[in-house]
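Note that ligands are numbered from 1 as they come in the structure, with each ligand's atoms numbered from 1 the same way. One-based numbering along the sequence shown.
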Amino acid sequence: MGRMADLPHAAPLNAALRLQVRGVVQGVGFRPTVYRLAGRYQLHGWVRNTSWGVEIWVEGRAEALAAFQRTLREEAPPLARLEEVRAEDVPAQGHGDFTIRASTPQEGAYQLISPDIATCPACLSEILDATNRRYRYPFTNCTHCGPRFTIIADVPYDRPLTTMRAFTMCPRCQAEYDDPLDRRFHAQPNACAVCGPQVTLEDGAGQRLAGDPLAQTAALLRQGQIVAIKGLGGYQLACDATNPAAVRLLRARKQRPHKPFAVMVTDAAALEQHATLSAAERALLASPAAPIVLCRWRESSPLAAEVAPASRVIGLMLPYTPLHHLLLREVGRPLVMTSGNLSEEPIARDNDEARRRLGGLAAAFLTHNRDIYARYDDSVWFVPAGGPQPLRRARGYAPYPITLPEATTPILASGAAWKNTFCLTRDRYAFLSQHIGDLENAETLTHYEESIALYERLFRLSPQAVAHDMHPDYLATRYARALPGPHVAVQHHHAHLAACLAEHGVTEATLGVILDGTGYGLDGRIWGGEFLLGDGRGFRRAAHLAYLPLPGGEAAIHRPLRLALAYAQSLASELPLPLALAAIPATEREIVAQMVARGVNTPLTSSMGRLFDAVAAALGLCDVASYEGQAAIALEMAATPLAEHESAYPFALVAQGEVQQWGQVAHLPPLGQAFALNVAPLWRALCAEHAAGRPRGEIAARLHLTVAEMIVTTSQRLREATGVARVALSGGCFQNRLLLALVLPRLNAAGFTVLTHRQVPCNDGGLALGQAWVAHYTLKGA
Ligand SMILES: [Zn+2]
Ligand SMILES: [Zn+2]
């Protein structure tokens with residue numbers, strides 16, 4: 001017995017484990033971590049990259065193996081995302097050491113690809129350290145940071161398949177690359193000033209300018225000039241954000257009169273000067289994805305008002321490449337950083353393309369000789385009530401997938417007309433593309449087609465079915481219909497609901513409150529104020545805003561005054577027109593009246609977005625809109641704090657006959673009847689208050705409260721009928737902070753479980769995920 005106790009371990013000395021790790025585990029320093037941990041626990045064996053992830057073989061004492069397995073997750077490098085770790089006991093083979101083996105490609109297998117990641121603290125301190133060999137080197141990166149997705153043409157992720165293939169590493173970079181204990185071990189974009197890409201500054205004609213490119217660029221920016229800067233995923237246009245004339249010039253040249261610009265500031269301390277930040281906003285801004293975050297703008301901020309006209313919100317971001325860090329420090333001022341394009345074209349990517357398309361926009365080009373493979377805009381987030389939500393999902397996020405509740409066949413979902421993204425599925429992954437843009441010109445369509453081809457190649461994916469919007473005229477629909485089928489046409493608002501459910505992994509029936517500007521309805525009308533009872537399989541249209549005329553069709557987006565006239569005529573023709581509408585020339589008023597009366601080029605809409613637009617216009621807050629949502633934003637920005645006793649405007653929820661439905665609905669709770677929300681009482685009360693001189697800010701606030709009450713009242717009525725107590729909020733109207741702040745506590749107090757978006761935008765940028773999810777069920781059910 002005594003002798004037995006002397007043995008320190010009862011377990012066999014040489015147990016062995018084979019681990020298969022899936023996720024983002026290549027090019028992120030994962031194998032060096034494995035190597036280090038194997039050393040710590042005195043384990044032998046090997047690690048290697050495979051086509052689907054990383055494979056590890058370790059041998060040693062059983063408890064050391066257990067510790068290794070545990071620590072592997074805890075100490076995984078910052079960019080690694082371990083989706084799945086499969087472990088099996090295997091017989092030990094008696095390895096004498098631990099080695100990193102060559103990768104083994106495997107036909108048809110695929111792996112997840114890391115998004116581009118902001119400069120890590122270690123790299124930042126190197127470029128700011130005058131004694132470091134990477135001092136002021138703008139392409140410094142390591143396995144914890146730097147470009148990934150934007151430089152990859154194909155997998156496996158090795159340097160020859162990236163745009164870094166043009167650069168041969170110098171001996172010192174090569175030594176880092178080869179050293180398993182170095183932060184740059186197998187960092188594919190590894191480079192230094194001796195061997196890597198270089199920046200140059202050129203004038204508008206392509207002539208190289210003498211002097212230090214960064215110092216020269218900074219001087220131009222301080223003088224109020226616009227400079228095109230080649231960033232991570234394309235060119236950006238920059239100017240001094242504290243110089244009103246420079247910002248006005250940029251607006252004029254970019255043909256973007258009103259839409260807010262984002263501003264990049266030097267560091268976290270500088271953020272506080274411009275915005276009042278919550279902890280969640282600070283965390284997002286400083287995260288490795290480093291998105292633009294819409295924050296509360298400080299009155300005392302020195303940023304020019306022209307950066308975000310008439311807004312209380314400012315889009316801020318931190319530098320995310322060494323080039324940005326160095327430039328911001330050199331300029332010493334916050335910079336407007338906006339996509340290098342004319343409004344609505346895709347971001348310019350190649351050097352000659354930038355010169356052609358941005359030649360008239362920028363005084364100079366700060367460019368470099370590392371090619372960009374994938375165009376990649378900055379991501380945008382905000383932090384409303386309920387938690388952070390993306391508004392534009394690109395840099396730092398795509399092409400990382402959303403994990404679905406169950407595996408699918410490969411599907412391509414072609415997305416929407418505006419703020420387009422597409423989605424490809426494989427297994428349980430939904431690869432939602434980066435923001436593509438508004439699919440309404442040839443450049444964007446080309447970008448769209450190239451990106452689809454890239455995703456199919458990277459994820460070894462060939463779609464077995466195609467999902468698209470029901471709108472027959474969307475370019476994305478036509479593109480999808482031209483591909484081999486089967487095709488699944490997905491109703492727009494159903495796709496919004498399905499996107500929200502898919503990202504939350506919810507498969508049970510939910511009440512989708514889907515409020516947006518426009519979407520093609522089952523009845524061919526323009527929907528947009530929808531209460532859909534459903535899931536990925538199908539839906540019943542339980543309630544909607546009562547139909548109103550849309551003079552000029554979807555072009556009404558840009559003519560909110562005409563829209564307001566049409567609403568006034570339909571909802572309260574007996575009342576005098578609000579002042580802003582009475583000021584419209586009589587001939588134009590007559591044209592709109594005739595259009596509405598005869599229904600000429602005047603479809604009907606249940607859009608909530610248009611109701612916001614019409615109210616904003618009636619209150620004189622927005623005459624012409626240069627971008628979708630501008631009038632609604634004006635209304636939100638105008639709203640002043642609500643008095644405590646404030647009540648909603650009156651509205652009526654009226655029974656509305658037969659329920660429209662789509663897809664598999666037999667499993668959904670039955671609805672005796674559908675409801676329509678009649679907003680005539682609201683419109684009349686609102687116009688009366690306006691005529692009586694109530695401040696517009698109070699009216700705007702009261703309208704928001706009314707929409708929140710409409711949502712709660714309608715949801716309660718539908719819960720009585722169906723027992724469904726879970727509500728999903730989606731659609732572009734939920735980009736409105738005030739609306740979310742009003743509706744969330746009320747829904748919670750009424751006992752509802754509320755889902756808001758967390759991974760994909762509530763606007764059309766998230767639509768393709770929902771289309772794919774609906775198509776999955778349609779194919780499964782067929
Ligand atoms: Zn780094
Ligand atoms: Zn080098």
Self-check item: Ring centers of Tyr455, Phe422 separated by less than 6.0 Å
Solution: yes
Practice problem: Flag the pair Phe149 / Tyr397 as yes when their ring centroid distance falls below 6.0 Å, and as no otherwise. | Solution: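 No, too far apart.
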Quiz item: Quick one: angle Cys192 SG - the Zn ion (ligand 2) - Cys195 SG, to the nearest 10°?
Solution: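 SG of Cys192 and SG of Cys195 make an angle of 110° at the Zn ion (ligand 2), to the nearest 10°.
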Practice problem: Report the C-alpha distance between Asp378 and Gln236 in whole Å, list the side-chain angles of each, state the deciding distance to 0.1 Å, and finish with yes or no for side chain to side chain donor-acceptor pair (under 3.5 Å). | Solution: CA-CA 10 Å; Asp378 292 322; Gln236 294 170 307; 3.3 Å; yes
Exercise. May I have the angle between Cys145 SG and Cys123 SG with its vertex at the Zn ion (ligand 1), rounded to 10°?
Key: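 It is 100°, given to the nearest 10°.
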Self-check item: Angular separation of Cys142 SG and Cys120 SG about the Zn ion (ligand 1), given to 10°
Solution: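 The two atoms subtend 110° at the Zn ion (ligand 1).
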Quiz item: Do the numbers put Arg22 on top of the ring of Tyr110, so that NZ or CZ is under 6.0 Å from the six-membered ring centre and no more than 45° off the axis?
Solution: yes
